[in-house]
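These notes are about the structure you will find just below.
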Amino acid sequence: MDKEIKKGKEHPLSIVINEAVKIFTDLGFEVATGPELEDVWHNFDALNVPKDHPARDMQDTFFIKNRPEYVLRTHTSNTQIHFMEKFAKEGKKPPFAIVVPGKVFRNESTDAGHEMQFYQLEGLMIGKDINVANMKWVLLEFFKRFLGENTEIRLRPSFFPFVEPGFEVDVKYDGKWMELLGAGMVHPNVLKNCGIDFEKYQGFAFGFGLDRLARIKFNISDIRFFYQGDLRLNQF
Amino acid sequence: MKISYNWLQNYFEEELPEIEKISEGIIFHSFEVESIEKAGNDTVFDIKVLPDRAHDCLSHWGIAKEISAIFNLKIKEKKYKIFEPKPTKLEIKIEDNRCLRYMGRVVKNVKVGESPKWLKEKLNAIGQKSINNIIDAANFIMFDLGQPIHCFDLDKLESQKIIIRNSTTGESIDLLGSEKIGNLVKTRSILLKSNDLIIADEKNPLAIAGIKGGTKAEVDSNTKNIVIEVANFNSIAIRKTSKQFNIFTEAVKRYENEISPELCEKTMNAITDLIWELNEVEVEEIIDIYPTKAEQKEVSVSVDYINKHLGTSFLKEEIEGVWKRLNFEFSKSVNEFKIKVPYLRIDISGPHDLVEEVGRILGYEKISPQIPKINFKPKINETFYKILWARNKLLNDGYSEIMTYAFCNTGEVEVLSSASDKKFLRTNLSDGLKESLKLNQLNAPLLEMEQIKIFEIGTVFLKDKEEMHVAYGDKKGVKEMNLENFFHKNSSSEEHGYFSAEKFLVLAPSRSQVSSEENSYSRNFKPWSIYPFITRDVAVWVPKGESSEELKKLLKNNATELLVREPYIFDSFTKDGKTSYAFRLIFQSYEKTLTDDEVNIIMTKISHKIRENSRWELR
């Protein structure tokens, strides 16, 4: 009898992560990875998040027992800091462009749209004159390749401590505008904190939820399906 | 924050653009508008003021200034009456540096009563209850200018002296307003700690500074003379105290976000004016204690800097126009502007902040996408590609991928508090994998798989480190190891040796690289039913050589929409010139738990249909 093994089925999130990463690597980004259990310097301080910022409250962040300076990372932005610190320490000079796919944690009650753990993809591009127009090109290009050629994007003012100006990025897919990303020009304090000359170099950063993207792509109604270990999820 | 359209209109001579236009302008140049609602003959916007603009925009004035800049409409600045104030006996003493400024003014001969119609309407429109004319006036000015105000009954104070100081342990205060506890309506009494900033007379606390007033000097219908407080406190101190007592007032919302102490003066003028308008009162001099005057910041920015960051080619004149629309004072040299930052714009401290002002006021839609002119040379990230490699290896070996929660009931690392009952981080993937095996084993008839084989790749948390693990298994057992070991154990010496960028990419292709039909999965997810399924088997003799297709079609056509997956053959054999096909049918409802009776009716119908075919014979 034919002993050929039938291929296993991939988790939908892996499909989305791989496809997103593939598009970004094709655009010149390299992948960076970082720890999920993180110190407050990399998760907050270096990212220009003030000490008394509400995001640092217990309700939103998982703090580690008996290790007051450690948290479960609340975003993949910690990896920006690790990457740039190492980069500067090794005496390298920009340009560089990285994407960081990874798991992040938020201490909040769960519902169809919220989970305590989910995946994010963070992007960072730094050079001598990397600007908002470049950011717009990269994001538009990504979403066109990911969701389809007639996808549109638009920027709205927003605020995140680690960028200035900061944006909310809406994506038009299937005739509907959806708020999908946070983005902005990296705040000079963040570059300074990592030892990158902020008077010479500049660039943008962005981040979005991969679970959300997977839900849109596959039309999955509830984020909680992703972490049940139920193979009925693996339909694609 | 709730913002009334009519209220905004008072700031402009010209008629404001229509509601939709205003909303769109705010959304694309300032803040999100969460809702727009009719309120009588007024319209109310619920505006989500960004955290960095809570310094100056939690007010109608703040939003009016935004609208003025966005639509290039001139704002009419109010002129306040010039009083000839009477000398005052009021004394103010700041004993704690968390009070940054304290302005007090005595106003005599007030008549506390109902508010005029216009005032009630304005407050009602933004969801505020009218209390009496004095309190309403104070609230109105706060929602107008963004500066909290408090009024005390002067005659209820021990003397005409107000002290801003630290509380001492054992002091307590009865708060204004009442709260419902069960069926009881009670005044809330607060026992102060040793480090809470309070406003006091010579004997008792009168208010928790910047948070809430107490009953001792409450303004009531008999009040004749009042002290108006317009003050500024340290934002962090306010946030801490309010959290500690769980009191979140409109005043807290403004103070905790830090407002400029420079706002006090305008506010004192505005509130005095309004109270005077309501009933002609006797106004005394202002006592103003302002230990360290706020400094006005100056920020320089060049046209080049702005264009280099936005990727635009805005002209000097266009940029200058932005400063004018924002009412910024500035001076200019050949290619540079020096901006005198308005006191209230605490968010602006460097040129990058001015880049944002230019971008958002001129409009982000004016920035056209530009390809970055850099030839990046990306490196391969080992961890990520080893994960990719491991995943592909296991998929090819017939394992399906699962992801489970990082949280569990026991472990080596614990989180301090959690919204869930699982407070530990997993030390292995195997436990989750075994649970998943059990679950999927039960669902096996629903899954189009011959055998349940699963894997997970994920982080585990040990006492001093986190590690990327790979676990895989089936009913015979589960194996787990770290990613590195998995890679070394399973990769060939060639894959090992040639662990170089390009080579490795080829060895570990991502799905979109291997899949011939790249968009084969662009279809909709089918959610599953939470109700149990029922299995029924049906075996039929058919003449030898006849395929099972026709039988399968009959089953499919008669099994109703309760059939959740294709009928499949689980057994077949040939004997005495006949072939037996045994099909399995799985029934499940999305709405309820199916009963045997319901399924039996379907099976009876199917049996009838099979018997109608003379070549077939039910086993």
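Source: prediction; values computed, not measured. Sequence lines set the chain letters: A, B, ... in the order given, protein chains first and strands last, and positions in each chain run from 1.
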request  = For the pair B:T312 and A:V132, evaluate side-chain contact (heavy atoms from CB on, under 4.5 Å) and give the outcome as yes or no after the intermediate values.
outcome  = CA-CA 9 Å; B:T312 47; A:V132 178; over 6 Å; no
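A:F29 touches chain B through its backbone: at least one of N, CA, C or O sits under 4.5 Å from a heavy atom, while the side chain does not. Looking at A:M135, there are no atoms closer than 4.5 Å to chain B (heavy atoms on both sides), in backbone or side chain. For chain B, the nearby parts of A:P35 are the backbone and the side chain; heavy atoms of each come within less than 4.5 Å. Contacts of A:L233 with chain B are made by both backbone and side-chain atoms, with heavy-atom separations under 4.5 Å. If you measure heavy-atom distances from A:F198 to chain B, you find no contacts under 4.5 Å at all. Heavy atoms of A:L140 lying under 4.5 Å from chain B belong exclusively to its side chain. Using a 4.5 Å cut-off between heavy atoms, A:I153 makes no contact with chain B at all. At a 4.5 Å heavy-atom cutoff, the contact between A:V21 and chain B is made by side-chain atoms alone. For a residue to count as touching a neighbouring chain, one of its non-hydrogen atoms must lie under 4.5 Å from one of that chain's; by this rule A:T110 does not touch chain B. Residue A:P12 does not touch chain B at all, counting heavy-atom pairs closer than 4.5 Å. Only the backbone of A:K128 has a heavy atom closer than 4.5 Å to any heavy atom of chain B.
Using a distance-only test at 3.5 Å, with no hydrogens or angles considered, a donor-acceptor pair links the side chain of B:N381 to the main chain of A:V31. Judged purely by atom type and a 3.5 angstrom limit, B:N440 has no side-chain atom pairing as donor or acceptor with the backbone of A:D230. Not a single donor-acceptor pair under 3.5 Å links the side chain of B:D52 to the backbone N or O of A:F160. In this structure a side-chain-to-backbone donor-acceptor pair under 3.5 Å is missing from B:E401 to A:S14. Side-chain atoms of A:K136 come within 3.5 Å of backbone N or O of B:I367 as a donor-acceptor pair. Without hydrogens or angle criteria, A:Q202 side chain to B:K308 main chain gives a donor-acceptor distance under 3.5 Å. The backbone N or O of B:K379 sits less than 3.5 Å from a side-chain atom of A:E30, completing a donor-acceptor pair. Distance alone, capped at 3.5 Å, places no donor-acceptor pair between the B:E414 side chain and the A:I64 backbone.
The shortest heavy-atom contact between B:F376 and A:G28 is CB-O, 3.3 Å. Of all heavy-atom pairs spanning B:P372 and A:V138, the tightest one is CG-CG2, 4.0 Å. Scanning both residues, A:L231 and B:S400, for their nearest heavy atoms gives CD2-CB, 3.6 Å. The shortest heavy-atom contact between B:A406 and A:Q117 is N-OE1, 2.7 Å.
Classification of A:R156 and B:E32 as a salt-bridged pair holds, one side-chain N sitting under 4.0 Å from a carboxylate O.
By the 30° and 60° cut-offs, the orientation of the rings of B:F461 relative to A:F105 is perpendicular.
The number of heavy-atom neighbours closer than 6.0 Å to NZ of B:K438, taken from other residues, nucleotides and ligands shown, is 12 or below.
Among the candidates B:I402, B:T404, B:L395, B:V415, the residue making the largest number of heavy-atom pairs closer than 4.5 Å to chain A is B:L395.
Using a 4.5 Å heavy-atom cutoff, the side chains of B:F384 and A:V99 are not in contact. At least one side-chain heavy atom of B:L446 sits less than 4.5 Å from a side-chain heavy atom of A:R232.
To the nearest 0.5 Å, the span separating NZ on B:K48 from OG on A:S158 amounts to 8.0 Å. For the atom pair CD1 of A:I130 and CD of B:Q370, the computed distance is 10.0 Å after rounding to the nearest 0.5 Å.
In summary, the aromatic rings of B:F407 and A:F62 are positioned with their centroids under 6.0 Å apart. You'll find the ring centres of B:Y364 and A:F167 inside the 6.0 Å limit.
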